[in-house]
Amino acid sequence: MAAGFDPSGRLPDVFTNAGTSSFTTFLSRVAPEMLPGRRPLPPGMAADLAPHATTIVAISAAGGVVMAGDRRATMGNLIAQRDIEKVHPADAYSLVGIAGTAGIGIELMRLFQVELEHYEKIEGAMLSLDGKANRLASMIRGNLGAAMQGLAVVPLFAGFDLAAADPQTAGRIFSFDVTGGPYEETGYDAIGSGSLFAKSALKKRFRAGLSVDDAARLAVEALYDAADDDTATGGPDLTRRIYPVVMTATAEGTRRLTDAETAAIAEGVVASRMENPGG
């Protein structure tokens, strides 16, 4: 029987009394061992013991934001998985992508989704986009101990700001460091082992006011360039029909491009590079 539970099956008072709007804070009181950063780890580095996920790009567009991630996870010099999904909706108007230790990153992303849903149910209102970024920052900070042993997770967060004065410029992007520091980015950003190459590609091609469709194409091109120079980043796999995950956040909410839409973009990028391999 779980510790702290009444033999009659009644939930403890902590579950029924009015409490904090933060699910993470609630969990830290009730079951702290369930938080990713609270688990005891053996001494030494553990970076090569678990799959790692890379690369994620985000681009601000007219009327929203686009986020895309490749599908490869690596473990040392081996491909651990070819079709991992690293980009997910955080809530109805925001997106989160994960890079770093895949298992912890997926757990952190799911906990963040619950955190935002819990806040909305308790408060009856949605957190602001800045508030969401700050909540995610505190969760990353809680994983610092594991990060120092090589099990780091560094997400990328983006969304449509419902409080923006101009809906055309409402797409915002936030990056984080391993200690949880949040930083708002202008125009675009990328994380993961291929981020250097992805950002170099975006630096040449990004223009303010891109349409959402053009930003989605540019995101796939940036991932293609990252895969061209980074072995840990997977490019479009035409043989297995494995393509990047591409999602948008606009005034209509979050949306994942269908497999057919992503395939058309990826195949178009590959066809263009057949004619001009250098981009």
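The pair D225-R205 fails the salt-bridge criterion, with no side-chain N (NZ, NE, NH1 or NH2) lying under 4.0 Å from an Asp/Glu carboxylate O. We find that R256 and E261 are not joined by a salt bridge, their nearest charged nitrogen and carboxylate oxygen being 4.0 Å or further apart. Ion pair E115/R110 not flagged as a salt bridge, since none of the NZ, NE, NH1 or NH2 atoms sits closer than 4.0 Å to an Asp/Glu carboxylate oxygen.
Under a hydrophobic clustering in which Ile, Leu, Val, Met, Phe, Trp and Tyr are joined whenever their side-chain heavy atoms come within less than 4.5 Å, directly or via other members, I265 and Y243 fall into the same cluster. Under the 4.5 Å side-chain heavy-atom criterion for grouping Ile, Leu, Val, Met, Phe, Trp and Tyr, L136 is connected to M109 within one hydrophobic cluster. By the criterion of side-chain heavy atoms lying less than 4.5 angstrom apart, applied directly or through intervening Ile, Leu, Val, Met, Phe, Trp or Tyr residues, Y224 is grouped together with L238 in one hydrophobic cluster. Both I104 and I98 belong to a single network of hydrophobic side chains, linked directly or stepwise wherever heavy atoms of I, L, V, M, F, W or Y lie under 4.5 Å apart. In the hydrophobic cluster analysis, where Ile, Leu, Val, Met, Phe, Trp and Tyr join through side-chain heavy atoms closer than 4.5 angstrom, L116 is grouped together with V96.
Across all their heavy atoms, R135 and L127 have their closest contact at CG-CD1, 3.7 Å. Taking both residues in full, the closest heavy atoms of F112 and M139 are given as N-CE, 3.4 Å, listed atom of the first, atom of the second, then distance. Residues I56 and G69 approach most closely at CD1-CA, 3.8 Å, considering heavy atoms. Considering every non-hydrogen atom in both A219 and I59, the closest pair reads N-CD1, 3.6 Å. Of all heavy-atom pairs spanning A216 and L257, the tightest one is CB-CD2, 4.4 Å. When all heavy atoms of P244 and L223 are compared, the closest pair comes out as CB-CD1, 3.7 Å.
Side chain to side chain, S272 and R217 meet the donor-acceptor criterion of an N or O pair below 3.5 Å. A donor and an acceptor atom, one from each side chain of S195 and T55, are nowhere located under 3.5 Å apart.
For T262 (side chain) and D259 (main-chain N/O), no donor-acceptor pair under 3.5 Å exists by modelled atom type. Side chain of T101 to backbone of G103: no donor-acceptor contact under 3.5 angstrom is found. In terms of modelled atom types and a separation under 3.5 Å, the side chain of R71 and the main chain of T233 share no donor-acceptor contact.
Between the CG atom in N134 and the CG atom in L129 there is a gap of 10.0 Å [rounded to 0.5 Å]. Atom NE2 of residue H88 and atom OG of residue S94 lie 13.0 Å apart, to the nearest 0.5 angstrom. Atom CG of L108 and atom CD of Q113 lie 10.5 Å apart (nearest 0.5 Å). Between the NE2 atom of H118 and the CG atom of L111 there is a distance of 11.0 Å, given to the nearest 0.5 Å. Atoms NZ and CG, from K204 and L218 in turn, are 13.5 Å apart once rounded to the nearest 0.5 Å. Atoms CZ and CG, from R240 and D83 in turn, are 10.0 Å apart once rounded to the nearest 0.5 Å.
S211 pairs by the side-chain contact (heavy atoms from CB on, under 4.5 Å) definition with D213, D214, not counting sequence neighbours. With sequence neighbours left out, the side-chain contact (heavy atoms from CB on, under 4.5 Å) criterion links E275 to no other residue. Applying the side-chain contact (heavy atoms from CB on, under 4.5 Å) criterion to D177, with sequence neighbours excluded, gives T179, Y183. For the ring pair (Phe, Tyr, Trp, His ring centres under 6.0 Å) test, residues two or more places apart in sequence or in another chain that qualify with F206 are Y188. Not counting sequence neighbours, T169 has no partner by the side chain to side chain donor-acceptor pair (under 3.5 Å) test.
Remark: of the listed residues V153, I191, I140, I140 is the sole one forming a side chain to side chain contact (heavy atoms under 4.5 Å, CB included) with F176.
The side-chain heavy atoms of D189 and K199, taken from C-beta on, include a pair separated by under 4.5 Å. With contacts defined as side-chain heavy-atom distances shorter than 4.5 Å, the pair M126/Y93 qualifies. Proximity of S60 to I173: side-chain heavy atoms (C-beta onward) are separated by under 4.5 Å at one or more points.
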Distance-only check: which donor-acceptor pairs under 3.5 Å involve side-chain atoms of residues 154-165, not counting sequence neighbours?
unit_1 : atom_1 : unit_2 : atom_2 : d
D161   : OD1    : A163   : N      : 3.0
D161   : OD2    : R172   : NH1    : 2.8

Run Q81 and I84 through side-chain contact (heavy atoms from CB on, under 4.5 Å) and show every step you take.
CA-CA 6 Å; Q81 189 172 345; I84 188 173; 4.0 Å; yes
Show your working on side-chain contact (heavy atoms from CB on, under 4.5 Å) between I79 and R72 and close with a plain yes or no.
CA-CA 7 Å; I79 297 176; R72 178 176 292 177; 3.8 Å; yes
Would R241 and E267 count as a salt bridge (charged side-chain N to carboxylate O under 4.0 Å, His left out) if you check the C-alpha gap in whole Å, the side-chain angles of each, and the deciding distance to 0.1 Å?
CA-CA 10 Å; R241 300 192 65 78; E267 289 169 4; 3.6 Å; yes
Salt bridge (charged side-chain N to carboxylate O under 4.0 Å, His left out) between R82 and D237, worked out:
CA-CA 9 Å; R82 299 181 187 276; D237 191 334; 5.1 Å; no
